[in-house]
Structure formats: structure tokens, C-alpha cells
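I have placed the structure first, in the form of C-alpha cells, so that the comments after it can refer back to it.
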Amino acid sequence: MKQDMTIKWLETVDSTQDEIRRQLKVLANLSVVAALNQTAGRGQRGNRWETRPGENLTFSLLLRPGQDGIRPVPAADQFLLSEIATLALFRTLSDYGIPSRIKWPNDIYSGDRKICGMLIENSLLQENVSYSIIGIGLNVNQVQFNPALMNPVSMSKITGETYDIREVLDRFLGHFSEELDSERPLIRQRYLSHLYRLGELHSYTDCKSGEVFEGTITGISKRGLLRVGMPDGTIKEFGFKEISYII
Ligand code: BTN
């Protein structure tokens, strides 16, 4: 499937997510828009995603499940898209000898530092995902970061090497198409096997109550909620924005 992916490299754009959205009607399935510089990169929770021009990988991929031989993704299973993209990222970093873990739902950490963030915007039609815009910001060659950021790291900071960002993207796309074709129960299994903090006791904040507690991540629900063993012995499920990791 990789052969069918078209990559458009832009010098500067506001946001590759927004560029895909503007071109939605004309872009083929599996189109990729990558930019050397984003002037209004968007992150999760309405945050900005800022990186130094030319140093990192910032791109978005348009996926239309259920078309061109790609299996449909039921709306109820849309977490699968996070699993596929994070696994492809995990494998890309492994190719370069960089150890990483998937921090639920879709960040990639190396040690206790964030090396990659993802913004997945899905559009639903009836029971299925009609299209998904998967936006990825991977820190590649940047070694100096805004001190206001909590815990950033890059491939270069970890290894001391400099990387060709186009090659990193090609590797990611190869892994992404393999993951897209693989058996869904196996995707879930492998996602869990690389999950940050699985089975370990750590501190979290319950965002609804503001309470800090010690808990243990035990897994992921069918719909992609985070399952956490609570101090009282129960298992509680958290959605995105309902739990914050204390790192
Ligand atoms: C996060 O907050 O962790 C998610 C960051 C996602 C950033 C990427 S960079 C490429 C794409 N275009 C955007 O505007 N955002 C995503």
C-alpha cells in the first residue's frame, strides 16, 4: 500500500491538519502533507504545537477507511486509529535504536520525556469513520526546547546523531501501511505490550475531582478508555481529559 501514498512537502504552512482539511475534496486516500515549518501548528487540548523550522517532522495523513481496499473502521472502534499510528511510530523509533513507550492515548515517550505528539481528527458518517486526519509531530533534530515545555526530547538529544527527516517519514509510512493491514486483535495486544507505565504504581490526577491518587494502569477498554487500578481496589475507566499523569 505504501506505493499509493503521495507525499506533498511544503516549505511553510499554517498547519498541515488545516491544509489537508482545505484540500479534502481533491486529496486521494493516504495522502500525506508534510511541512518544514508550521506557523500555527495545533496540539491536543487546543494547545499550540511549536517546533523549530526544518528540524522536526510535522505532517498529516488523510485516511479514508472503507475505501481503496482499506477495511472500514466502525465509529465505536476509532481508537484503533490511535493504536495503528502509535505502533508505527514506535517501530520507526526502534529502527533507529531509540527505545520508546506509548503513553495513552497517543503520545510517544522515551523514558519520561515526550518525543512525539499526535492529533487525530475523525469525521464520522453513520456507524463508521468516514475520514481521519492523523497529524504527527515527531521531534527529530531539535536539541533546544522552550523551557516552558514540560519534558520534551528528540531523537538527536537521545543519540547525538542528526537524521534525514524525509527518510524518517518514509519509514513511518512503511510501518503505518503494515499496521493498517494487520489483524486487529494483534494490534491491541501489541499496543498494550508497549504501553507506558502498564502494571506500575504511579501518581495521577483525577481531572474531574482534582484529586491526586496512586494507581496502576491495567489496560485499555474496548473503546479505548484507560483502565486504572484505584487505591480502593476497584478498576476505574478514564477518558481523554479525565486523567492527568504526574511525571
Ligand atoms: C500534541 O499536542 O501532543 C499533538 C501534537 C500534534 C502536532 C502535529 S504537527 C503536524 C500536525 N499539524 C498540526 O497542526 N498538528 C499536528
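- In this structure, the side chain of Asn141 engages the main chain of Tyr163 through a donor-acceptor pair within 3.5 Å.
- Between the Ser132 side chain and the Leu63 main chain, no donor and acceptor come within less than 3.5 Å of each other.
- His202 has its side chain out of reach of Ile217: every pair of non-hydrogen atoms, C-beta onward, lies at least 4.5 Å apart.
- You'll find the side chain of Ile98 reaches within 4.5 Å of the side chain of Ser110, heavy atoms only.
- Linking Ile, Leu, Val, Met, Phe, Trp and Tyr residues whenever their side-chain heavy atoms come within less than 4.5 Å places Leu180 and Ile120 in a single cluster.
- To the nearest 0.5 Å, atom CD1 of residue Ile84 and atom CG of residue Asn106 are 13.0 Å apart.
- Without hydrogens or angle criteria, Ser203 side chain to Glu214 main chain gives no donor-acceptor distance under 3.5 Å.
- In this structure, CD1 in Ile70 is found 4.0 Å from CG in Leu30, a value given to the nearest 0.5 Å.
- Under a hydrophobic-cluster definition in which Ile, Leu, Val, Met, Phe, Trp and Tyr are linked whenever side-chain heavy atoms come within less than 4.5 Å, directly or via other members, Leu169 and Met5 are assigned to the same cluster.
- In this structure, the side chains of Arg184 and Val73 come closer than 4.5 Å at one or more pairs of heavy atoms.
- Note: Trp49 CH2 to Gln38 CD = 10.0 Å, rounded to the nearest 0.5 Å.
- Within the model, atoms OG1 of Thr218 and CD of Glu237 stand 8.5 Å from one another, a figure rounded to the nearest 0.5 Å.
- Using a 4.5 Å heavy-atom threshold, the side chains of Tyr96 and Glu167 count as touching.
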Could you check Asp206 against Ile243 for side-chain contact (heavy atoms from CB on, under 4.5 Å), going step by step and ending with a plain yes or no? CA-CA 5 Å; Asp206 181 325; Ile243 185 168; over 6 Å; no
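- In this structure, OG1 on Thr51 lies 7.0 Å from CG on Asn37, to the nearest 0.5 angstrom.
- The salt bridge (Lys or Arg N to Asp or Glu O under 4.0 Å) test with Arg190 singles out one residue from Glu83, Glu183, Glu179, and that residue is Glu179.
- Without hydrogens or angle criteria, Asp164 side chain to Arg166 main chain gives a donor-acceptor distance under 3.5 Å.
- Side chains of Leu57 and Phe172 form no contact here, defined as non-hydrogen atoms less than 4.5 Å apart.
- Under 3.5 Å, the side chains of Gln78 and Asn122 contain a donor-acceptor pair of N or O atoms.
- Nearest approach of Leu192 to Gly219, heavy atoms of both residues: CD2-CA, 4.0 Å.
- For the residue pair Ser60 / Thr16, a side-chain donor-acceptor distance below 3.5 Å is found, with atom types taken as modelled.
- Of the candidates Thr92, Asp170, Asp95, Asp95 is the only one forming a side chain to side chain donor-acceptor pair (under 3.5 Å) with His175.
- Because its NZ or CZ atom is not both nearer than 6.0 Å to the ring centre of Tyr131 and within 45° of the ring axis, Arg21 does not count as a cation-pi partner of that residue.
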Run the side-chain contact (heavy atoms from CB on, under 4.5 Å) check on Asn139 and Val153 step by step: do they pass? CA-CA 7 Å; Asn139 298 333; Val153 76; 6.0 Å; no
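- Looking at Ile115 and Leu89, their side chains never come closer than 4.5 Å, going by heavy atoms from C-beta outward.
- Within a 6.0 Å sphere centred on CZ of Arg223, other residues, nucleotides and ligands contribute 12 heavy atoms or fewer.
- Linking ILVMFWY side-chain heavy atoms closer than 4.5 Å, directly or via other members, places Leu119 and Val129 in two distinct hydrophobic clusters.
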side-chain contact (heavy atoms from CB on, under 4.5 Å) assessment of Arg22 paired with Val13: CA-CA 12 Å; Arg22 284 189 289 265; Val13 72; 3.9 Å; yes
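- To the nearest 0.5 Å, atoms CG (Asp68) and CG (Asn29) are separated by 4.5 Å.
- Arg42 is listed as a side-chain neighbour of Asp18, based on a closest heavy-atom distance under 4.5 Å.
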I would like to know whether Leu80 and Arg71 meet side-chain contact (heavy atoms from CB on, under 4.5 Å); could you show each step before the answer? CA-CA 12 Å; Leu80 179 70; Arg71 281 170 295 172; over 6 Å; no
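- Within the 4.5 Å cutoff, the side chain of Lys222 has heavy atoms near those of the Asp77 side chain.
- In this model, a donor atom of one side chain and an acceptor atom of the other lie less than 3.5 Å apart for Asp112 and Tyr196.
- No donor-acceptor pair under 3.5 Å is formed between the side chain of Thr234 and the backbone N or O of Met230.
- Annotation: Tyr204 is not in aromatic contact with Phe238 [ring centroid separation under 6.0 Å not met].
- Side chain of Arg48 to main chain of Thr39: a donor-acceptor pair is present (N/O by atom type, distance under 3.5 Å, no hydrogens or angles).
- Listed for the Glu200 side chain is no donor-acceptor partner under 3.5 Å among the backbone atoms of Arg197.
- Transitive grouping of hydrophobic side chains (ILVMFWY, heavy atoms separated by less than 4.5 Å) brings Trp9 and Phe176 into a common cluster.
- Looking only at distances, a side-chain donor or acceptor of Gln44 sits under 3.5 Å from a matching main-chain atom of Met118.
- The only option from Trp104, Phe90, Phe79 that meets the ring pair (Phe, Tyr, Trp, His ring centres under 6.0 Å) definition with Tyr191 turns out to be Phe79.
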